[in-house]
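Written below as structure tokens is the structure these notes are about.
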Amino acid sequence: MADVRLNGVKKAYGDTTILRSIDLEIRDGEFMVFVGPSGCGKSTLLRVIAGLEDITGGELKIGGRIVNDVPPAERGIAMVFQSYALYPHMNLYDNMAFGLKLGKMPKDEIDRLVQQAAKILHIDHLLDRKPKDLSGGQRQRVAIGRAIVRKPDVFLFDEPLSNLDAALRVRMRYEFAKLHEELKTTMVYVTHDQVEAMTLADRIVVLSAGQIEQVGTPLELYGHPNNMFVAGFIGSPRMNFIEAEFVEGNAQSGIVKLGTGDLIRCNLDASSGKSGDKVTLGIRPEHFITNTQNVHDNLISTTVTFVESLGSITHAYCAFPGVDDALTCELDGLANVHDGDMLKLGIPADACYVFNAEGRAFPRHQTNPKQRAA
């Protein structure tokens, strides 16, 4: 196993900068996930670590060794791509053993490593089959097995589940988590799917426009995003953002006024706010209080414009001033809500997020509950 350290790493193609001075430590044995929208630089960053892209500036270390000019084959890494890239004329055994044979490894050692990897991935009963006889998930396991037999210090995964259907992605997320638990090897995983990031990662790197917006555990990013970009990217459905005006505040709480005139009290450090400042109130769909009989403040009234039933939960999309698209509220799956209904929503003070005009978050208290209020 090995740690990976990037110090001021840059990547540019001519005058076009792709990565902007990346500083990052990936710890030994950690499962690190790079997440962000298309074009943010996450795959380029992975390819830089792999040695498939040259570094324009900065320093890259793997296991304490500077590898800026070290060829990919000598970096102690193994990479699994979005496409399986299996040899169609070879059976699974030969696909997994091919690289080891090229390296002139003894046949008995090749057999031991292939059988061991196949057992870990639960494909040991399929080794005589060819790729065309397998499902997408099984093919991806073969590609992973081909990486495992090399016994790398670092595994690199570039959107490995993108070609799979929804049900299989859920199953493969579990397989990746169990694989990391068993191998205890450093893993770096790229995805645009924040659900994959939240369920797999020890820590997540959120990237935007070639730079790191925030690094932290899934719950740190969910509960304490640094800015509106991270707040909107982490969480599904995404956080609601409502235009507001700062009224008053201190280190314990603050009050903002919405376009409707409603005053919302927020339990966070609002000491940096100034009366009259334009701010943005953030509230996650799952944090609204829908049973408002005993709620006397932080109440808003909305009109339902669309209802989306998902079985166990229902999403109500509501019209509300100061929201770009629609206000999303997560309800119980049995909620009797229809288009055109008036809906009163309570906003728990502990569940509020406030962002200044530059999109930076006001600090939230560490004791803020993340659970949806009943």
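The first residue in the sequence is number 1, and the count goes up from there. Remember, predicted model here, so these are calculated numbers, not experimental data. Only heavy atoms go into these numbers, but all of them, side chains included; no hydrogens, no water, no symmetry mates.
Annotation: salt bridge (Lys or Arg N to Asp or Glu O under 4.0 Å) contacts of Arg5 (sequence neighbours excluded): Asp3, Glu25. With sequence neighbours left out, Val70 forms a side chain to side chain contact (heavy atoms under 4.5 Å, CB included) with Arg65, Val67, Glu74, Arg75. Residues passing the ring-ring contact (aromatic ring centres under 6.0 Å, His included) test with His180, sequence neighbours excluded: Phe31. Remark: Lys178 engages Glu181 in a salt bridge (Lys or Arg N to Asp or Glu O under 4.0 Å) (not counting sequence neighbours). Arg203 meets the side chain to side chain contact (heavy atoms under 4.5 Å, CB included) test with Arg27, Glu30, Met32, Val215, Thr217; sequence neighbours excluded. With sequence neighbours left out, the side chain to side chain contact (heavy atoms under 4.5 Å, CB included) criterion links Ser162 to Gln82, Glu159, His192. Phe355 pairs by the ring-ring contact (aromatic ring centres under 6.0 Å, His included) definition with Phe241, not counting sequence neighbours. The ring-ring contact (aromatic ring centres under 6.0 Å, His included) search around Tyr87 returns Phe98, not counting sequence neighbours.
Residue pairs meeting the salt bridge (Lys or Arg N to Asp or Glu O under 4.0 Å) criterion with at least one member in residues 35-49, sequence neighbours excluded, are Arg47-Glu53. Applying the ring pair (Phe, Tyr, Trp, His ring centres under 6.0 Å) rule to pairs touching residues 35-60 yields nothing, sequence neighbours excluded. The ring pair (Phe, Tyr, Trp, His ring centres under 6.0 Å) contacts involving residues 301-343 comprise Phe306-Tyr317, where partners must be two or more places apart or lie in separate chains.
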Below 3.5 Å, can you tabulate the donor-acceptor pairs from side chains in residues 112-127 to any protein atom, sequence neighbours excluded?
residue, atom, partner, partner atom, Å
Arg112, NE, Glu109, OE1, 3.2
Arg112, NH2, Glu109, OE2, 2.7

